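These notes concern the structure reproduced below.
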Amino acid sequence: AGGQLDRVAFDREILNVKEETEGVVRRFTEVAQAKGITVDVLIDDDSLSIFADRDMIRAIIRNLLSNAIKFSRVNGRVEIRARAINRLVEISVQDFGTGIRKEDMERLFNPSETFTTYGTSGEKGTGLGLGICKDFVEKHGGRIWVESEYGAGSKFIFTLKEF
């Protein structure tokens with residue numbers, strides 16, 4: 001790991017999880033609508049906050065949401081949730097799309113493997129997104145993982161320290 005990511009400024013501030021998430025979701029309105037996808041932000045706690053770098057957190061959510069839309073079937077839905085657990089905030093982005101094969105799951109976060117698959121409408125990704133997400137989450141002392149059932153969708157989950 002290294003290269004240009006190490007030079008990215010790391011500037012932490014108190015962020016409201018729901019506001020940041022909704023801000024990212026708004027930027028995907030057109031992309032989601034084009035595929036008939038509903039994106040639901042299911043965050044009940046309006047005060048849930050983290051002490052984190054805004055650009056990095058937005059990049060993580062943007063990457064995960066972009067993938068969720070890409071692998072959702074037309075007229076599908078994506079759910080974004082966040083909750084506090086043991087002084088951590090757990091944020092998840094779940095789709096009900098194509099899912100991921102078991103043998104591909106461990107390769108997902110490996111930045112040395114450019115791993116590209118096509119979305120349900122033929123969208124092609126860079127294969128870089130999840131490696132960057134992992135790097136940004138770990139810089140914040142959190143972790144990221146995926147739960148997926150092939151053919152039934154995927155849920156990407158990451159944790160950050162609660163503020």
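All figures in this text were calculated on a predicted structure; none of them were measured in a lab.
A continuous path of Ile, Leu, Val, Met, Phe, Trp and Tyr side chains, each step under 4.5 Å between heavy atoms, connects L160 with F10, placing both in one hydrophobic cluster. Criterion: ILVMFWY side-chain heavy atoms under 4.5 Å apart, direct or through other members. Under it, F71 and I61 are not part of a common hydrophobic cluster. A continuous path of ILVMFWY side-chain contacts below 4.5 Å connects L64 to M105, so both sit in one hydrophobic cluster. One hydrophobic cluster, built from ILVMFWY side chains closer than 4.5 Å, cannot hold both V17 and F163; they sit in different ones.
Taking both residues in full, the closest heavy atoms of S47 and N16 are given as CA-ND2, 4.2 Å, listed atom of the first, atom of the second, then distance. Summarising the geometry of L130 relative to L108, their closest heavy-atom pair is CB-O, 3.5 Å, with the distance given to 0.1 Å. Here the shortest heavy-atom pairing between F28 and L65 reads CD1-CD2, 3.5 Å. Nearest heavy-atom pair across T159 and V137 is O-CG1, 3.9 Å. Across E90 and I85, no two heavy atoms sit closer than the pair OE1-CD1, 3.6 Å. Across all non-hydrogen atoms, the minimal contact from D53 to H140 is N-NE2, 3.0 Å.
Here I57 contributes atom CD1 and C133 contributes atom SG; the two are 10.0 Å apart, rounded to the nearest 0.5 Å. Atom-to-atom distance recorded for I14:CD1 and S49:OG is 7.0 Å, nearest 0.5 angstrom. To the nearest 0.5 Å, the span separating OG1 on T98 from NZ on K70 amounts to 9.5 Å.
Looking only at distances, a side-chain donor or acceptor of R73 sits under 3.5 Å from a matching main-chain atom of F96. Side-chain N or O atoms of S148 include one that pairs as donor or acceptor with a backbone N or O of I100 at under 3.5 Å. When atom types are taken as modelled, the side chain of K35 and the backbone of I69 share a donor-acceptor pair closer than 3.5 angstrom. Not one N or O on the side chain of K18 forms a donor-acceptor pair closer than 3.5 Å with the backbone of D46.
Between D104 and R107, at least one side-chain nitrogen of the basic residue sits less than 4.0 Å from a carboxylate oxygen of the acidic one, meeting the salt-bridge criterion.
Proximity of I91 to V89: side-chain heavy atoms (C-beta onward) are separated by under 4.5 Å at one or more points. Taking the side chain as every heavy atom from C-beta outward, V146 and I157 never approach each other to under 4.5 Å. In this structure, F109 and F156 have side chains that are in contact, with non-hydrogen atoms separated by less than 4.5 Å. Within the 4.5 Å cutoff, side-chain heavy atoms of R27 are placed close to those of R62. Counting heavy atoms from C-beta outward, T38 and V78 have side chains that stay 4.5 Å or more apart.
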Take E162 and L88 through the test side chain to side chain contact (heavy atoms under 4.5 Å, CB included) and record every step on the way to the result. CA-CA 5 Å; E162 185 177 15; L88 290 175; 5.9 Å; no
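With a 6.0 Å cutoff to the six-membered ring centre and a 45° limit on the axis angle, R143 does not count as a cation-pi contact of F158.
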